[in-house]
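Hydrogens, waters and symmetry mates are skipped; everything else that's a heavy atom, side chains included, is used. All ligand and atom numbering here is 1-based and tracks the order in the structure.
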Amino acid sequence: PSVVSFRQVSKSYGTGAGAVHALAEVDVDVRRGEFTAIMGPSGSGKSTFMNVAAGLDDVTSGGVFLDGQPLHTMDDTARTMLRRRQVGFVFQSFNLVPTLTVAENIVLPFQLAGHRVSPDEQQWIDHLVHVLGLTERIGHKPAELSGGQQQRVAIARALAPRPAIIFADEPTGNLDTRSSSEVLQLMRSAATEYGQTIAMVSHDPIAASYADRVLVLADGRVVADHGRLSPQQIS
Ligand code: ADP
Ligand code: ADP
């Protein structure tokens, strides 16, 4: 079953001769448990692809399904509720709340959804904190952590509610080589061991080599759809 399905999705900005076609008749299925890298030059439609798939942006035409639900026919409230339950985000800039501890940042998605953390969910969160090596840092604020640790907190926060899909936007863009490979290995094992679906935008051939699948966009179209590739094959 597909977690994200695009059916002839087009997204344009403006009209007539000056219109920009950020996405043009895109058909894509992202399967459950698949770790997909989305690549392509600046302006090729990568951000638009993620925003549309997460229900943050409307399409101009076509159909978008998230976990089988038609985003293109939902109103904003329904889309927001679906996103809160089914989508996790990881950003280049980590986007942690500076005034909250690691533990508080990780449970933030539950609080935003007005959902009390159940004992079973707390057990899962404790497990994530342990395997992500954050146990010693649980009471610290983000500013007291290294970049790699901050990104691991962001990954824990994204994984905690067990979303259908995690969108990661240049998740290693601010990390050194060692922290990058830690973060990429975590995403790799989240997909392999937990069946977590991940869609990652990255310019980095090494990052993309961790993915099961490499989608390449150009001018709003999918111009290549590969299986797993080596960094040499990507660059
Ligand atoms: P990428 O993430 O690959 O850099 P984007 O999805 O951001 O590409 O952009 C795709 C195209 O859509 C670009 O030509 C960009 O200038 C245009 N675009 C994106 N957002 C807007 C917007 N809000 N208004 C007008 N044009 C936009
Ligand atoms: P520890 O040695 O601290 O118990 P491990 O690294 O042995 O932790 O964790 C067990 C396995 O589960 C590892 O292969 C790890 O990569 C994987 N794993 C556990 N949780 C996650 C997660 N949230 N994201 C990615 N991989 C995970």
Side-chain angles (χ1 to χ4, degrees), residues 2-30 34-66 70-72 74-77 79-80 82-83 86-95 151 154-155 158 163-175 180 183-184 187 197-227 229 231 233-235:
S2 297
V3 176
V4 173
S5 296
F6 278 27
R7 292 286 170 267
Q8 289 288 297
V9 170
S10 296
K11 170 73 177 176
S12 306
Y13 293 102
T15 53
V20 174
H21 303 292
L23 292 176
E25 294 155 15
V26 173
D27 279 303
V28 167
D29 280 280
V30 176
E34 193 169 58
F35 179 4
T36 301
I38 301 161
M39 304 190 79
S42 179
S44 58
K46 302 182 297 295
S47 304
T48 306
F49 181 95
M50 286 219 309
N51 291 344
V52 163
L56 291 165
D57 264 3
D58 266 319
V59 296
T60 305
S61 62
V64 181
F65 300 84
L66 176 61
L71 287 176
H72 54 289
M74 289 182 188
D75 65 18
D76 277 346
T77 311
R79 279 202 300 217
T80 300
L82 182 61
R83 184 167 58 247
Q86 302 294 7
V87 180
F89 290 98
V90 176
F91 301 96
Q92 177 172 2
S93 53
F94 318 136
N95 282 31
Q151 195 59 300
I155 290 174
I165 186 163
I166 291 176
F167 291 105
D169 193 355
E170 298 276 0
T172 59
N174 278 329
L175 301 179
S180 288
V183 159
L184 290 162
M187 295 203 296
T197 310
I198 300 174
M200 169 182 75
V201 168
S202 182
H203 286 101
D204 177 6
I206 294 181
S209 73
Y210 282 78
D212 299 306
R213 180 180 183 189
V214 181
L215 283 180
V216 184
L217 298 185
D219 295 325
R221 294 175 188 274
V222 177
V223 295
D225 187 349
H226 301 284
L229 297 176
Q233 289 172 304
I234 296 167
S235 52

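Scored by the side-chain contact (heavy atoms from CB on, under 4.5 Å) test, S93 finds F91, N95 as partners (sequence neighbours excluded). Listed by chain and number, the residues in a side-chain contact (heavy atoms from CB on, under 4.5 Å) with A24 are R221 (sequence neighbours excluded). Scored by the ring-ring contact (aromatic ring centres under 6.0 Å, His included) test, F49 finds F6 as partners (sequence neighbours excluded).
With hydrogens and angles ignored, the 3.5 Å screen pairs no side-chain donor or acceptor of D225 with any backbone N or O of L215. At least one donor-acceptor pair closer than 3.5 Å links the side chain of D212 to the backbone N or O of F35. No donor-acceptor distance shorter than 3.5 angstrom exists from the side chain of S12 to the backbone of H21, with no hydrogens or angles considered.
A distance limit of 4.0 angstrom between heavy atoms and ligand 1 selects the residues Y13, V20, A22, P41, S42, G43, S44, G45, K46, S47, T48.
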